[in-house]
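Because the structure is predicted, anything quoted here is derived from the model rather than measured. Residues: numbered from 1 along the sequence shown. Hydrogens, waters and symmetry mates play no part in the numbers below; they use all other heavy atoms, side chains included. Note that ligands are numbered from 1 as they come in the structure, with each ligand's atoms numbered from 1 the same way.
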Amino acid sequence: MDIWWSLTADVDKICLLLLMLILSVIYLWRNRLSDIPNGPFSFPFTGNGKILQDKPHINLTVLKDQYGRIYSIKLGKQRAIVVCSHEGIVEALIKLSPKLCGRPKMFLPQGFFKGNHEAGVCFSELNMKYKIKKDFVLHSLNSISCSEELSDVVMNEIQGVIALLLEKKAALEILPLFESIFLRLMLYIVNGKLYQGDDVNFKEILRTFQYRADELHQKWLSVTSPLLSSFNQRNRTELIERTQLQFEYQRDIVNRHKDCFNPDIISDVVDHGLLMLERYDDMGELDQSELDTLFIELCGTGYRQLASTISWLILYIASFPNIQHKVYTELISVIGKERLPKLSDQPNLPYTTAVILETQRLASVMPLLYPHITVEDVTFSGFNIPKDTVVLFNVWSVHHDAKYWKQPMKFDPDRFIKDGCLHIPDHYLPFGEGLRACPGENITDVLLFLFASHIMFHVSAKLLDDSDLEGNFHGFVLTPKPYAAEFIPRETVVNDVLDIPDSRDTVCYMDGLEI
Ligand code: HEM
Ligand SMILES: *[C@@H]1O[C@H](CO)[C@@H](O)[C@H](O)[C@H]1NC(C)=O
Ligand SMILES: *[C@@H]1O[C@H](CO)[C@@H](O)[C@H](O)[C@H]1NC(C)=O
Ligand SMILES: *[C@@H]1O[C@H](CO)[C@@H](O)[C@H](O)[C@H]1NC(C)=O
């Protein structure tokens, strides 16, 4: 009996040993196959989601101290690589391009652009159509960004904003104000129609984009942490219905452009689209719905980043009166007090420009870019990363790394100035890098320069409460928390009379279209 007992116990032990051996072999084998970087312990199902819920850019930056500047985390079941070094970003987005330049589909909410993820640019796969669309977007935005007409319209809008800042004082909510202004400008750039702020159609368009950003954020929460997320079916349905209406509205705008199309007068993105359709065969590969998606996407990608950047800029200058004073001094010494700053002044205003660059570095309004995905197996930084691995580029981390910047947490525009001239280091990447980089960079530079220089020319800002400088991460954009500021007019005697062209839409468009 005794012998029988000890024998079964041994069999148990042997089985256990064998099992452990098999498991270790499988473990080692899998590790050998996908030789991915190390990372923090992750829970089954939720993965590392908890660290990505609230301030993902900060939590992902803290982890680099423990795991190095390239490590891996788990988004639910999905493995993701996090890149926190400039060298890593350059290798991934330039040297190995386009292997790490895909876009994961899983971050897109249901009903986003009628469920056709391929239609726009932002979330499209890398294929021939993507190339045609991206080239078109780059070309049309760049040619509009240097038009004088845009500059005049923008300057006129700014006069309105400044009047508002001075009138409403502390009661003003800065971020929503600028979101509304920049969306109106983007709608003007794309559709050629300049809405009044209280226009019914404009308000509906703004609401629709807000729903889209909310849903994008909900999706981020549910992908990063499937067990923690909650979602609102009513919002989802609302977005789907609103998207349907928005597409009908956009179709109507395109048709109106067609009715009065003149290839000699190309002024907005829709005109550029029609011209391309007429002249180039490859645009013909895009169907109507893809073109509409492209136009709608262009109206909506960018205005939140622009509004956030200007809100951060006001918050920073209000926090540092001496910097504000230095900008004002530069402005009046170059421009005088009798005319308004204009785009051609920018090369003579290095300090003013440096304040904008430093705002974009310190704020890093798109701290993780948009998520990328590997489109094939790739050896990156010595690791073997399999196809379909999500890659997050933590630009916030690069922008706040003492390895690249002296006293990175300090707001110090002078870091962008060398021997009195503007100097932009390579590790400054607010627009991303390579194939997927932001096509709106040049038009953004124009808009930010005009807004920032005019605001600092006309008013000084004073902070009315102790605002913390940490932002909210929502729909991939980092915005400042609400803050109260007071605006005091500068003594400028401007005699400039702006020559604002009649809004083109008064010729061609009918108002009151229901959306
Ligand atoms: C302060 C302003 C802006 C900032 C900081 C910004 C930043 C970025 C960043 C970081 C990306 C992602 C790059 C990547 O994932 O690798 C991006 C993509 C994109 N941005 Fe911007 N952006 C701004 C304004 C705009 C504007 C005004 C437009 C349009 C008119 C625009 C259109 C786009 C598009 C279409 C993409 C997707 C590109 C692609 O996937 O190929 N952005 N932007
Ligand atoms: C992530 O960040 C939040 C807020 O910044 C913090 O409360 C939380 O403890 C962090 N989580 C981890 C795992 O570091
Ligand atoms: C639903 O939409 C409302 C209004 O936009 C928003 O306040 C709320 O946070 C949304 N809920 C979810 C779960 O997204
Ligand atoms: C911005 O403009 C410069 C000079 O015109 C051009 O070389 C560059 O490609 C443009 N960048 C983008 C993102 O359009």
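The shortest non-hydrogen separation linking L75 to F107 is CD1-CZ, 3.8 Å. Between L368 and P56, the shortest heavy-atom contact is CD1-CB, 4.1 Å.
Looking at atom 24 (C) of ligand 1, its nearest protein heavy atom turns out to be T444 OG1, 3.4 Å. In terms of protein heavy atoms, atom 37 (C) of ligand 1 is closest to C122 SG, 3.4 Å. When hydrogens are left out, the protein atom nearest atom 15 (O) of ligand 1 is R103 NH1, 2.9 Å; that is the closest non-hydrogen contact. Here the protein heavy atom with the shortest distance to atom 19 (C) of ligand 1 is P439 CD, 3.7 Å. Considering only non-hydrogen protein atoms, atom 13 (C) of ligand 1 sits nearest to R436 O, 3.3 Å. For atom 28 (C) of ligand 1, the nearest protein heavy atom (residue, atom name, distance) is T301 O, 3.2 Å. The nearest heavy-atom contact from the protein to atom 23 (C) of ligand 1 is C438 SG, 3.7 Å. Nearest to atom 9 (C) of ligand 1 among the protein's heavy atoms is M366 SD, 3.5 Å. When hydrogens are left out, the protein atom nearest atom 10 (C) of ligand 4 is N442 ND2, 2.5 Å; that is the closest non-hydrogen contact.
For atom 13 (C) of ligand 4, the nearest protein heavy atom is under 4.0 Å away. For atom 7 (O) of ligand 4, no protein heavy-atom neighbour is found at a distance under 4.0 Å.
No N or O atom of E441 sits closer than 3.5 Å to an N or O atom of ligand 4. Taking distance alone, with nitrogen or oxygen atoms compared against 3.5 Å, Y370 approaches ligand 1 more closely than that limit. Any N or O atom pair closer than 3.5 Å counts here, and E297 shares no such pair with ligand 1. Checking only distances, Y130 does come within under 3.5 Å of ligand 1, N or O to N or O.
Screening K219, E297, R212 for a side-chain contact (heavy atoms from CB on, under 4.5 Å) involving F112 leaves a single residue, R212.
Contact annotation: for I189 versus ligand 1, there are no heavy atoms closer than 4.0 Å. Of all the heavy atoms of V365, the ones lying under 4.0 Å from any atom of ligand 1 belong exclusively to the side chain.
Atom CD1 of residue I443 and atom OG of residue S143 lie 8.5 Å apart, to the nearest 0.5 angstrom. Here the straight-line distance linking atom CG of L245 with atom CZ of F247 works out to 11.5 Å at 0.5 Å rounding. Distance CD1/I314 to CZ/F451: 10.0 Å, rounded to 0.5 Å.
Within a 6.0 Å sphere centred on NZ of K258, heavy atoms belonging to other residues, nucleotides or ligands number more than 12. Annotation for E148: atom CD does not count as buried by contact number, only 12 or fewer foreign heavy atoms lying within 6.0 Å. Within a 6.0 Å sphere centred on NZ of K105, heavy atoms belonging to other residues, nucleotides or ligands number more than 12.
The closest approach between any non-hydrogen atom of E433 and ligand 1 is not below 4.0 Å. Using a 4.0 Å heavy-atom cutoff, C438 is listed among the residues neighbouring ligand 4. Under a 4.0 Å heavy-atom criterion, V121 is in contact with ligand 1. Every heavy atom of F393 sits 4.0 Å or more from the atoms of ligand 1.
Atoms of ligand 1 found under 4.0 Å from any heavy atom of T309 (numbered from 1 in listed order, with element): 1 (C). Listed by number with element, the atoms of ligand 1 under 4.0 angstrom from any heavy atom of L141 are 29 (C), 30 (C). Less than 4.0 angstrom separates some heavy atom of L369 from each of these atoms of ligand 1: 10 (C), 14 (C), 15 (O), 16 (O). Atoms of ligand 4 lying under 4.0 Å from any heavy atom of L138, numbered from 1 in the order shown and given with element: 12 (C), 13 (C), 14 (O). Against a heavy-atom cut-off of under 4.0 Å, N142 is close to the following atoms of ligand 4: 10 (C), 12 (C), 14 (O). Atoms of ligand 1 lying under 4.0 Å from any heavy atom of K134, numbered from 1 in the order shown and given with element: 38 (C), 39 (C), 41 (O). When each atom of ligand 1 is checked for a heavy atom of P430 under 4.0 Å away, the hits are 5 (C), 7 (C), 10 (C). Close approach to G302 involves these atoms of ligand 1, each under 4.0 Å from a residue heavy atom: 24 (C), 25 (C), 26 (C), 27 (C).
The aromatic rings of F411 and F320 lie parallel to each other, their planes meeting at an angle below 30°, with 60° marking the opposite boundary. Note: Y316 and W312 have parallel aromatic rings, judged against thresholds of 30 and 60 degrees for the angle between ring planes. Note: Y428 and H399 have parallel aromatic rings, judged against thresholds of 30 and 60 degrees for the angle between ring planes. Classification of the H400-W396 ring pair by plane angle, with boundaries at 30° and 60°, yields parallel.
Side-chain contact annotation: H474 with D214, donor-acceptor N/O pair under 3.5 Å present. No side-chain N or O of R69 forms a donor-acceptor pair with one of S85 less than 3.5 Å apart.
In this structure, I73 and L52 have side chains that are in contact, with non-hydrogen atoms separated by less than 4.5 Å.
Taking the ring axis of Y483 as reference, the NZ or CZ atom of K481 does not stay both within 45° of it and closer than 6.0 Å to the ring centre.
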